[in-house]
Protein chains: 2
Amino acid sequence: MAAARRQFGELGYERTSIRGLASEAGIDPALVMQLFGNKEQLFSTAATSGIDLQALTSATADNLAEAAAAHLFADFEDPERRTAAEALLRSCLTHPAAAAALREQVMAPAQSAVAATIGGDDSELRAAVLNACTLGVTIARYLLRDPVLADADRQDLERVLRPALEAVIAANSRS
Amino acid sequence: MAAARRQFGELGYERTSIRGLASEAGIDPALVMQLFGNKEQLFSTAATSGIDLQALTSATADNLAEAAAAHLFADFEDPERRTAAEALLRSCLTHPAAAAALREQVMAPAQSAVAATIGGDDSELRAAVLNACTLGVTIARYLLRDPVLADADRQDLERVLRPALEAVIAANSRS
DNA sequence: TCTTTCGGTCAACGCGTGTAGAGTGAAGCT
DNA sequence: AGCTTCACTCTACACGCGTTGACCGAAAGA
């Protein structure tokens, strides 16, 4: 199961084979079938478990930008939680179920939580933009491994990113 | 060739088969081999052609945020240019060559151009964050099709996003 | 007109995949 | 001890894939 998450996270859904994953785990491929029924089901249980949006929902308007930035790191700096999040993100552009899961189980709840916190005009759109920006930084840093972002200190990155998030939060009037 | 870009853009590298793409184009799969040699080569010529960073490199510090936002739309609102960009982006998380191409042929040049324009402390890091944010919005809107972002007006989206980009550009002092 | 070349097609190979079903050995119950 | 159940493995199937090399008809050159 840990092997499943690791391979899904590293290779994506399509390139991950049940045979390869089973051999990494030291078990028989057929056992994987017996336990999870399906490659699809294995993926969805591997990728959608361990998603935790509490940090976002419990934030106030004051510390929202900080919470969003911290949330970005919490999912990926901790090796335990990283694999599940990486599995979901890695396949979200090529696997329809992963895209749907990310949209409906991560982005939509996060957006409504953020929208409720910031309020004002366009709160939904601004929440969506805020999440899209953190998504972009996450992808570029941890998945795409853009050299500048991947090698940056967490503090430096947070210091640069936070003004952007705060700008989205603060611009709550139709100009 | 148009069919190749379309399928790579819609399905990603792994799910796109030469057979399927050839039948959409009404030709024989073997002809594709003969013309491009390889699935890999076909992909790289389909995905890396038509990348145009001129809008970014020729921007000044004053209109950089505007140029970056406009650049985001230019690649995806125009159906002609969209397919190539979409093909590259769709596979950038699962196909190593696509990731490398995106990093080295798109993000790195864009970052150095932006960094040169904004200058100041951490210019490289801030350029990377700026590009990551536009990348995130692009992915969420056009690839992931997040409902809020996908249905938003171009003007509304630009109005919300621009303050964020400007904040990254403007925060050019170590606090 | 005969020959060569060339754009294009056909059938096929070898491989890796997800998946199914029969089989096996140990453990637990009566 | 005998039977049942369970966790697990072995073998095999059917399929779709990228790729190849032989083949074919038409255009061009002698």
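Chain A is the first sequence line, chain B the second, and so forth, proteins listed ahead of strands; every chain is numbered from 1.
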- Message: Please determine whether a side-chain nitrogen of the Lys or Arg among B/Arg159 and A/Asp122 lies less than 4.0 Å from a carboxylate oxygen of the Asp or Glu.
- Response: yes
- For B/Leu143 and A/Cys92, what are the C-alpha separation, side-chain angles and deciding distance, and is it a side-chain contact (heavy atoms from CB on, under 4.5 Å)? CA-CA 9 Å; B/Leu143 284 300; A/Cys92 73; over 6 Å; no
- Query: More 5' along DNA chain C: B/Leu35 or A/Gly20, using each one's nearest nucleotide?
  - Reply: B/Leu35
- Message: Going 5' to 3' along DNA chain C, between which two nucleotides do contacts with chain A fall, using a heavy-atom cut-off of 4.0 Å?
- Response: C/dT17 to C/dG21
- Query: According to the interplanar angle, ranging from 0 to 90°, do the rings of B/Tyr142 and B/Phe76 count as parallel (below 30°), tilted (30 to 60°) or perpendicular (above 60°)?
  - Reply: parallel
- Test: B/Glu14 and A/Arg15 ion pair at under 4.0 Å: yes
- Can you check the A/Met33 CE to D/dA7 P distance for me, whole Å? 17 Å
- Whole-Å distance between D/dG18 C1' and B/Gln34 CD? 15 Å
- Hey, quick one: are B/Met107 and B/Leu125 part of the same hydrophobic cluster, counting side-chain heavy atoms closer than 4.5 Å, chains of contacts allowed? yes
- Query: When you measure from every atom of DNA chain D, which of residues 2-15 of chain B have a heavy atom less than 4.0 Å away?
  - Reply: none
- Message: Can a donor-acceptor pair be found, under 3.5 Å and without considering hydrogens, that links the side chain of A/Ser17 to the backbone of A/Gly20?
- Response: yes
- Query: So B/His95 and B/Phe43, would you call those rings parallel, tilted or perpendicular, with 30° and 60° as cut-offs?
  - Reply: perpendicular
- Task: Could you check how far CZ of A/Arg19 sits from P of D/dT9, rounded to whole Å?
- Result: 15 Å
- Query: Do A/Leu135 and A/Leu72 come close enough that some side-chain heavy atom pair is under 4.5 Å?
  - Reply: no
- Rounded distance in Å - CG (B/Asp28) to C1' (D/dC23): 12 Å
